[in-house]
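Okay, structure first, notes after.
Note that this is a predicted model, so its numbers are computed, not measured. So you know, we letter chains A, B, ... as the sequences are listed, proteins then strands, and number each from 1.
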2 protein chains.
Amino acid sequence: MVALDKIDRKEIIIKVAQSLFGKFGLAKTTIEDIARQARMGKASIYYYFKSKESIFKEVIEKEGAELRRKIQDAVSSVETPQDKLRIYALTRMESLKKLANYYNAMRDEYLEHYAFIEKARQGFDAFEVDLISRILKQGVDQGVFAIANIPLTAEAILAAIKGLEYRWTIEVPMERIRENIDVLLTILFKGIEKRA
Amino acid sequence: MVALDKIDRKEIIIKVAQSLFGKFGLAKTTIEDIARQARMGKASIYYYFKSKESIFKEVIEKEGAELRRKIQDAVSSVETPQDKLRIYALTRMESLKKLANYYNAMRDEYLEHYAFIEKARQGFDAFEVDLISRILKQGVDQGVFAIANIPLTAEAILAAIKGLEYRWTIEVPMERIRENIDVLLTILFKGIEKRA
DNA sequence: TTTCGAACGAAAAACGATATCATTCGAAAG
DNA sequence: CTTTCGAATGATATCGTTTTTCGTTCGAAA
C-alpha cells in the first residue's frame, strides 16, 4: 500500500538518524550519511522531511516518548505509592543520565537549537511533575500521605531528586545512587506520611 | 613599612582583578587591563604574582571565602536548627547563583582551568555538607531531630536544595524561590523531626 | 626591594582560498 | 500523481598563511 510505504520510509529515516545522532552528534551527522544508511539518494530525504532540523526534532520527540513510556511502565509495575515513587526515581536516574548527556552535547555543538531543546526539557519536566502529583494523590486518597499542596510538593520532590542527579555526573556507580535515593526518599516519606 | 606596602599592592591587584574578571571574564581581561587599573606597569604585576592563573586562583579563593563567611554569618544570626537550615538555604540560593554563573562562564571560555574550578567547587561542597551536618547534630543534641546517619542525611538535604537551585536558572524572582524552599524544608523537617 | 620599558614567543585573530553540506530544481521512473 | 535522485546552488565551515595580541621574561634604573 502506498500510504504505508510512506510511513515506513519516514520511520526508517528517523531510526537511522536516531542512531547516527546518538553516535556522532548532530553536527557530525550529514544528510548524506543518513541517506546512505537509509539506502536512498540524499535529495529523497527531502521528500519526507523539510529540513535536517525537522528530523532532529522528531528524533528528540521520539527519545522523549520512549523515556516517558519506560518510566510509566516501571511505575505501573508496582502497587503502593511509596514503591511507585521509589521505582520512578531509580528509573529516571538511570535513563535520564543518557538523555541529559545527549542534550548537553547538542547544546554545545549547536547553540541555535538550544531553545527547542529547552522546550522539550520543560515538557518532560511537566510530565514528571504530573506523574509525581498523581502518585501523591493516590497516596492521599489511600490515606497514607498527608499533603497540603500536591503540585507544589511534587515540584519540591522532583527538585530534590534532580539535585541527586546533578550531584554526580558520570563517575558514580548505580549502587551508590540507590543508597542516596533511599536516604532522601526515606526522609521525604516520613515528611509527607500521615501520622497516626 | 615595606612589608605592609607589599601586601597592599597585592591586595589592590586582587581587587582590580576580581572586578575585571567579574565584568569581562577571564579571557577578556588582560594583564595590561589589570595593570592599568592598578596604576602600574604590566611587568610589575609579575613581581607580586607568578602568572595570570595564580591571580585567578587567588580571586576564586577570595570569592569562596567571602561566600563562606556570608553564609556562616547568616547561620549564626539565628538560634534554632530549623531557622539555621532555613536561612542557610536562602542565603546560599541568593549568593551562589552569582558564583555559579561565574564558574560556568569560566568553564566555557577556559577549559584548561576546569579541573581547578572543579576542585574549588568540591571544596565548597564539603563546607556545605559540614555546615549542614553541624546544624543537624545540634538538632539531634537538642532532641528536636531524630537522624540515623547525619552525614548521609546532610548530603541528601544539600542535594535537595541544589535541585531547587538548578530548577530555575535566572528568571525566577526570589519570592517564588522562598516559597519553594519553604515547601521543601517543611517536608524535610517533618521527615527528620523526632516524633512525640 | 621595587618598578617598568623593551623584547620574545606562543597562541589567537584576521583573512582569503577551498571544500563541505544542507537545500532546491527539474527531469524521469513507476 | 507519487516517488526518486543527479546535478546545481549558495551559505557556511575549513584550512593554510600572515598579522596581531598578550602573557611572560630580562635587564636596567630608581
Quiz item: What is the pairing partner of dC21(C), taking Watson-Crick or G-U wobble pairs with both distances under 3.5 Å in any strand?
Solution: dG10(D)

Just the table, please: protein N/O against nucleotides 4-9 of chain C N/O, every pair under 3.5 Å.
unit_1 : atom_1 : unit_2   : atom_2 : d
dC4(C) : OP2    : Gly41(B) : N      : 2.9
dC4(C) : OP2    : Ser44(B) : OG     : 3.1

Self-check item: Lys162(B) side chain to Gly163(A) backbone, donor-acceptor under 3.5 Å
Solution: no

Self-check item: Whole-Å distance separating the CD1 atom of Ile45(B) from the P atom of dT2(C)
Solution: 15 Å

Quiz item: Within this structure, what is the CZ-to-P distance between Arg9(B) and dT2(C), rounded to whole angstrom?
Solution: 10 Å

Quiz item: Quick one: is Tyr46(B) getting a side-chain N or O under 4.0 Å of the dT3(C) phosphate, OP1 or OP2?
Solution: no

Practice problem: In whole angstrom, give the distance that lies between atom CD of Glu53(A) and atom P of dC21(C). | Solution: 19 Å

Exercise. For Ile34(B) and dC22(D), give me the distance from atom CD1 to atom P, rounded to whole Å.
Key: 12 Å

Quiz item: Are Ile55(A) and Ile45(A) side-chain neighbours, meaning at least one heavy-atom pair lies under 4.5 Å?
Solution: yes

Exercise. Mind checking the CG-CG spacing from Leu152(B) to Asp182(A)? Nearest 0.5 Å is all I need.
Key: 9.5 Å

Quiz item: Atom NZ of Lys52(A) and atom C1' of dA11(D): how far apart are they, to the nearest Å?
Solution: 14 Å

Practice problem: Report yes or no: is the cationic atom of Arg68(A) (NZ for Lys, CZ for Arg) under 6.0 Å from the centre of the six-membered ring of Phe127(A), at an angle within 45° of the ring normal? | Solution: yes

Exercise. State whether Lys137(B) and Asp141(B) are salt-bridged, where the test is any N-O pair (Lys NZ or Arg NE/NH1/NH2 against Asp/Glu carboxylate O) under 4.0 Å.
Key: yes

Practice problem: Can you tell me the distance, in whole Å, between the CZ atom of Phe49(A) and the C1' atom of dT3(D)? | Solution: 15 Å

Quiz item: Is the phosphate of dT3(D), meaning OP1 or OP2, less than 4.0 Å from a side-chain N or O of Tyr47(A)?
Solution: yes

Self-check item: Presence of salt bridge, Arg69(A) and Asp73(A), under 4.0 angstrom
Solution: no

Quiz prompt | Main-chain N/O of Thr30(B) paired to Lys42(B) side chain as donor or acceptor, under 3.5 Å | solution = no

Self-check item: Length of the line joining Tyr48(B):OH and dT1(C):P, which is rounded to integer Å
Solution: 12 Å

Quiz item: So what does Ser54(A) touch, heavy atoms closer than 4.0 Å: a base, only the sugar-phosphate, or nothing?
Solution: nothing

Quiz item: How many Å lie between CD on Glu32(A) and P on dT20(C), as a whole number?
Solution: 11 Å

